[in-house]
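Note sheet for the following structure.
Note that the coordinates shown come from a computational prediction; the quantities given were computed from them, not determined experimentally. By convention in this document, chain letters (A, B, ...) are assigned in the order of the sequence lines, proteins followed by strands, and residues within each chain are numbered from 1.
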Amino acid sequence: MAKIINVIKGTKDILPQDISSWHKLEQTALDVFGKYGYKEIRTPIFEATELFARGVGDTTDIVNKEMYTFEKSDRSLTLRPENTAGVVRSFIENGMTRLSAPVKLWYHGPMFRYERPQAGRQRQFHQVGVEMFGVKQPAADAEVIMLAVDYLKALGLNDLLVEINSLGCPACRDTYKKRIKEVLKPEFENLCDDCKNRYEKNPLRLLDCKVESCREIFEKPEIKKVIESDFICEECAEHYSELKSYLDKMGIKYAENKLLVRGLDYYNRTVFEIKSNNLGSQNAVCGGGRYDSLVKNLGGEDTPAVGWAMGMERLNSLLPPILPEKIDAYVVSNYLPEAFLLAKKLRSAGKTVEIDLANKKFMKQLEKASKIAKFALILGEDEIKNHTVSVKNLETSEQNTVKADEVAALI
RNA sequence: GCGGGUGUCGUCAAGUGGUUAAGACCUCGGAUUGUGGUUCCGAUAUGCAUGGGUUCGAAUCCCAUCUCCCGCCCCA
């Protein structure tokens, strides 16, 4: 035998026995998002590399080490590692700025990141997400979070934790970063390697380091004071508290998490995650936030926006498995032309029908029928002669011989 | 990218240096050429992730590579 070829590391087949859950995720998205006025958008799976460098941020891990990038005719192209940049690109390019705000879009599809695979993390994975453009008020943040919770509820997922935080605007965040860096400067040499790296790249990330020695440093009073200070400016604080009051009024439970930072550069003000305890260490099913400067940074008109994405594989692993359903009927016959005609008629009437195509023995056909179908439709010499079909209920073993036209009504 | 574990049929597995690699499920065939789902009989790994090595002898020991899993980093 020839050597077999395996799937690429970090990718997976979605097999027929698992496809129903995927349909459920997609159908529920269509239903729930539709009710909020979201329209589906499908953008290409690869884009100009520059889109992600400028959109996601060229200091992020995603852009720095996780992208599948290739050259073609002097152009650098990249398999999308996430879809916000692509949707924003399309929003700008197709003049959606001119549409009456808010513009509400949703998508689902494969994303690609070159990471070490483990539970809940693949190199090709799928996301479903929403983006809302044109509303700067915190009501938009609230609705988008509400939508996420609604979607999860519609899937039967209630036992999840919503965490929120505000990163402030670029101005107040920069001040905060500077103060953190200042107060930590004398301790720099004592930080772990990861933290030294974060110190330069993303000081906000320093705060949730798990290394003991770092934790001790952050516990020092003068440092703790800076870390825990409310750095965000008045306007941002108001935006944040308004969001919280909406969530309170809607009965959406959430926890505030000051350490919630998120790794994509484009977020400002609201960020949030939805977590599960049943996912191992990759415990976030949903992540998102506000990104008011992204449209402008990508060459569009200054347009506020907010959105989120969920990992569909992670959602799937939280969903109970869907058992395969039996088909309506299996035609048991060694008279193929007649069997084809019967099946065709029933399929037109909306039934799911299969036929034995291999001319197997009667008993084998019936055995097969009992495994996969609710009814066996026996079509033998006698039945054909009399234009009848013997309809056998495979659960109750009841059997009736009826006119061929009457079969559809019985199954 | 770093650290730890793992890998025997389509699936779940026994086997820890000595001749033909248990068993179960699934699949297929027969008992059973018009009545199934129960039962009974039979078939199915010249091979143990892959490639080397040690040995008279390797699924079993050693080395390398790969996979998947777990943790870190990061993220959905």
Side-chain angles (χ1 to χ4, degrees), chain A residues 1 3-4 6-12 15 17 25 56 59-66 81-84 108-129 148 192-195 197-198 201-202 205 208-211 260-264 271-276 279-289 307-318 326 330 332-335 358-384 390-399 401:
Chain A
M1 283 208 283
K3 187 174 183 282
I4 63 167
N6 301 107
V7 277
I8 302 301
K9 176 175 178 163
T11 70
K12 275 202 167 73
L15 298 168
Q17 61 264 33
L25 293 181
V56 179
T59 62
T60 61
D61 276 5
I62 291 182
V63 170
N64 270 324
K65 35 185 222 198
E66 298 177 2
E82 56 97 54
N83 206 27
T84 297
H108 72 96
M111 310 293 158
F112 306 84
R113 291 182 200 171
Y114 187 80
E115 292 184 271
R116 187 79 161 259
Q118 61 181 66
R121 190 209 270 168
Q122 293 169 206
R123 289 182 175 178
Q124 178 179 167
F125 62 103
H126 297 77
Q127 287 187 331
V128 54
C192 70
D193 289 350
D194 282 332
C195 281
N197 192 22
R198 293 183 187 115
K201 259 173 51 185
N202 192 347
R205 279 227 163 265
D208 64 346
C209 182
K210 282 140 199 118
V211 175
L260 179 56
V261 171
R262 308 204 48 73
L264 290 72
V271 289
F272 59 92
E273 286 187 0
I274 302 179
K275 294 178 179 173
S276 162
L279 282 173
S281 65
Q282 312 304 321
N283 62 354
V285 274
C286 175
W308 51 253
M310 298 197 193
M312 296 176 83
E313 280 81 2
R314 290 182 192 177
L315 286 175
N316 251 331
S317 66
L318 295 173
K326 290 197 166 180
Y330 192 85
V332 173
S333 178
N334 294 100
Y335 300 86
N359 198 29
K360 291 205 173 138
K361 287 192 230 169
F362 183 83
M363 289 204 41
K364 287 291 170 194
Q365 290 195 38
L366 203 55
E367 191 181 330
K368 170 91 172 176
S370 73
K371 280 180 190 157
I372 68 164
K374 296 175 196 153
F375 289 89
L377 306 180
I378 300 164
L379 193 57
E381 203 177 340
D382 294 346
E383 285 88 353
I384 288 172
S390 293
V391 179
K392 183 180 182 107
N393 182 323
L394 291 164
E395 246 169 65
T396 63
S397 296
E398 255 180 284
Q399 182 170 326
T401 302

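- Within the nucleic acid shown, Gly287(A) comes within 4.0 Å of sugar-phosphate atoms alone, with no base atom in reach, counting heavy atoms only.
- No engagement by Leu315(A) is indicated, since no non-hydrogen atom pair under 4.0 Å with the nucleic acid exists.
- Judged by distance alone, with hydrogens and angles left aside, the side-chain atoms of Gln365(A) form a donor-acceptor pair with the main-chain N or O of Ser333(A) at under 3.5 Å.
- For the P atom pair drawn from U60(B) and G53(B), the interatomic distance equals 14 Å after rounding to whole Å.
- Side-chain nitrogen and oxygen atoms of Lys371(A) include none within less than 4.0 Å of the OP1 or OP2 phosphate oxygen of G37(B).
- Annotation: A45(B) and U27(B) have their C1' atoms spaced 15 Å apart (nearest Å).
- Between Lys364(A) and U33(B) there is no side-chain N or O to OP1 or OP2 distance below 4.0 Å.
- In this structure, the nucleotide among U67(B), G34(B), C69(B) sitting nearest to the side chain of Lys9(A) is U67(B).
- Comparing U44(B) with G23(B), their P atoms sit 11 Å apart, to the nearest whole Å.
- In terms of position along RNA chain B, the nucleotide closest to Tyr114(A) lies nearer the 5' end than the nucleotide closest to the other residue of the pair Ile274(A) and Tyr114(A).
- The backbone N or O of Glu115(A) sits nowhere less than 3.5 Å from a side-chain atom of Arg121(A) that would complete a donor-acceptor pair.
- Residue Gln399(A) is in base contact, counting any heavy-atom pair closer than 4.0 Å across all strands shown.
- Residue contacts shown for Glu273(A) are absent, as no nucleic acid heavy atom lies under 4.0 Å away.
- When distances are taken from the side chain of Asp61(A) to each of C73(B), A31(B), C69(B), the shortest belongs to C73(B).
- Comparing the same atom, C1', in C9(B) and in A24(B) gives a spacing of 13 Å after rounding to whole Å.
- Among the protein residues, Asp382(A) comes within range of the nucleic acid bases, having at least one heavy atom under 4.0 Å from a base atom.
- In this entry C48(B) has no Watson-Crick or G-U wobble partner, no candidate having both defining distances under 3.5 Å.
- Counting only distance, with no hydrogens or angles, the side chain of Arg113(A) and the backbone of Glu66(A) share no donor-acceptor pair below 3.5 Å.
- Judged by Watson-Crick or G-U wobble contacts below 3.5 Å, the nucleotide U67(B) has no partner.
- Nucleotide G34(B) holds its P atom 19 Å from the CG atom of Leu377(A), rounded to whole Å.
- A distance of about 15 Å separates the P atoms of C63(B) and U54(B), rounded to the whole Å.
- Rounded to whole Å, atom C1' of U33(B) lies 9 Å from atom CG of Asn334(A).
- Relative to the side chain of Gln118(A), the nucleotides C72(B), C68(B), U35(B) differ in distance, and C72(B) lies closest.
- Asn393(A) contributes no side-chain N or O that, together with a main-chain N or O of Glu398(A), makes up a donor-acceptor pair within less than 3.5 Å.
- Atom CZ of Phe375(A) and atom P of G36(B) are 18 Å apart (whole Å).
- Rounded to whole angstrom, the span from the CD1 atom of Ile62(A) across to the C1' atom of G1(B) amounts to 16 Å.
- Between the C1' atoms of U8(B) and A21(B), the separation comes to 9 Å (whole Å).
- Contact check for Lys368(A) versus Lys360(A): no side-chain heavy atoms found under the 4.5 Å cut-off.
- Residue side chain Arg116(A) does not reach the base of C72(B) through any donor-acceptor N/O pair under 3.5 Å, judged by distance alone.
- As judged by a 4.0 angstrom heavy-atom cut-off over every strand, Gly120(A) is placed among the base-contacting residues.
- For Glu66(A), the side-chain atoms get nearest to C74(B) when compared with the rest of G34(B), C74(B), C70(B).
- Regarding Asn6(A), its CG atom lies at a distance of 14 Å from the P atom of C66(B), rounded to whole Å.
- Side-chain atoms of Gln282(A) stay outside donor-acceptor range of the base of G71(B), with no qualifying N/O pair under 3.5 Å.
- Using a 4.0 Å heavy-atom cutoff across all strands shown, Gly288(A) reaches no nucleic acid atom at all.
- Nearest to the side chain of Pro117(A), among C69(B), C70(B), U33(B), sits C69(B).
- Take the nearest nucleotide of RNA chain B for Tyr335(A) and for Ile8(A): the residue whose nucleotide is more 5' is Tyr335(A).
- Looking at Arg123(A) and Pro117(A), their side chains come closer than 4.5 Å, going by heavy atoms from C-beta outward.
- Between the side chain of Gln127(A) and the main chain of Met312(A), no donor-acceptor pair closer than 3.5 Å is present.
- Ala309(A) comes within contact range of the sugar-phosphate backbone alone, with a heavy-atom separation under 4.0 Å but no base atom that close.
- In this structure, the CD atom of Gln365(A) is 14 Å from the P atom of U33(B), given to the nearest Å.
- Distances from the side chain of Ile378(A) to the nucleotides G34(B), C70(B), C69(B) place G34(B) closest.
- Remark: C56(B) base-pairs with G18(B). Criterion, Watson-Crick or G-U wobble with two distances under 3.5 Å.
- Within 4.0 Å of Lys392(A), counting heavy atoms only, lies at least one base atom of the nucleic acid.
- Note: OH (Tyr330(A)) to C1' (G34(B)) measures 16 Å, nearest angstrom.
- For the pair Arg123(A) CZ and C69(B) C1', the computed distance is 15 Å after rounding to whole Å.
- Partner assigned to C9(B) is none, using Watson-Crick or G-U wobble distances below 3.5 angstrom.
- Between the Asn283(A) side chain and the Leu279(A) main chain, no donor and acceptor come within less than 3.5 Å of each other.
- For the P atoms, the distance linking G1(B) with C61(B) amounts to 29 Å, nearest Å.
- At a threshold of 4.0 angstrom between heavy atoms, the contacts of Glu381(A) include nucleobase atoms, whether or not backbone atoms are also involved.
- Rounded to the nearest Å, the gap between the C1' atom of G15(B) and that of C48(B) is 10 Å.
- Closest heavy-atom contact between Leu394(A) and Ala373(A): CD1-O, 3.5 Å.
- Checking G34(B), G36(B), C73(B) against the side-chain heavy atoms of Arg121(A) singles out C73(B) as nearest.
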